[in-house]
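For reference, the structure discussed in these notes is given below.
Start at 1 with the first residue, then count along the sequence.
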Amino acid sequence: MSYIPKDAVTQSFRSNKGVLSPNQIIELDNEDKFTKYGQLELIETVTLGSDTANIIFDEIQADKYNVHFLTYNNCIMDSSGNRIKLRFFESGVEETASVYQYGLQGCASSGSFTEAKSTGADHIHLGANTQVSGEWADNGYIYIYNAGNSTKYTFTTQHLITMYSVGGHVRSFFGGGALPQNSNVDQIKLYASNGNIELGMSASLYGIKEYS
């Protein structure tokens, strides 16, 4: 099947005109010229080869993406009661002050419901205290909005599943957080509340392509 042009033919992102064959679509897609709003584009994947206190994504391409998607799996802590947290860097400087806000709902297989919330924390809360066990690994994802836009706050929505260290119940957390100050967020940090994250955890950061 050949390319059948219509009017002025162009082949670039946001400007594909004419009738394209499947092979031509694949070629344009490989050249990042085929328009697919909302697609996930991998920025970086990190898999821990040794225990470490944190994972930092320092090339988030905030000038290209307004929305990021961060997913992690097999997060095992080296001490019981430890948990995974989130922080941002602003223009290369880690924000460690108690300026973050978050609100999450937790639900457990035991039938219990809990809340995690703060209007003045030094991090964005992601999940429950975990147990030291390969079978109890923490897994989750976070959407991050407006990073890199110095005129807007940086917001998150997140969802994760884990085994809670109290009672050994499955527990899910969902909710959101914010860094409520105008700043240029250019790095993203996942870190252990104390101690280390054990080797084997994998985390991937994606950008979401959108019209601009």
side-chain contact (heavy atoms from CB on, under 4.5 Å) partners for Lys117, two or more places apart:
Glu115
For the residue pair Ser118 / His125, report whether a side-chain donor-acceptor contact shorter than 3.5 Å exists.
no
Any side-chain donor near an acceptor of the partner, Ser98 and Asp122, under 3.5 Å:
no
Walk me through it: do Phe69 and Tyr143 pass the test ring-ring contact (aromatic ring centres under 6.0 Å, His included)?
CA-CA 5 Å; Phe69 178 72; Tyr143 284 95; 4.8 Å; yes
State the CD1-CD1 distance between Ile60 and Ile144, to the nearest 0.5 angstrom.
7.0 Å
Same apolar cluster: Leu205 and Leu48, side chain cutoff 4.5 Å
yes
Just how far is it from atom OG of Ser204 to atom CZ of Phe57, taken to the nearest 0.5 Å?
6.5 Å
Side chains of Leu160 and Thr162: does their closest heavy-atom pair fall under 4.5 Å?
yes
Gln61 and Glu59: side chain donor to acceptor below 3.5 Å:
no
Paired with Glu95, the side-chain contact (heavy atoms from CB on, under 4.5 Å) test is passed by just one of Arg87, Gln187, Gln181, Lys189, namely Gln181
Result of checking Thr52, Ile76, Ile55 against Met201 for side-chain contact (heavy atoms from CB on, under 4.5 Å):
Ile55
Validation row: Tyr145, Thr154 side chains within 4.5 angstrom (heavy atoms)
no
Can you check whether Gly200's main-chain N or O pairs, donor with acceptor, with Asn74's side chain at less than 3.5 Å?
yes
Using the benzene-type ring in the case of Trp, are the ring centres of Tyr102 and His123 under 6.0 Å apart?
yes
Mark yes or no for whether Asn146, through its side chain, and Tyr153, through its backbone, hold a donor-acceptor pair below 3.5 Å.
yes
Donor-acceptor contact present, side-chain Asn194 to main-chain Ala192, <3.5 Å
no
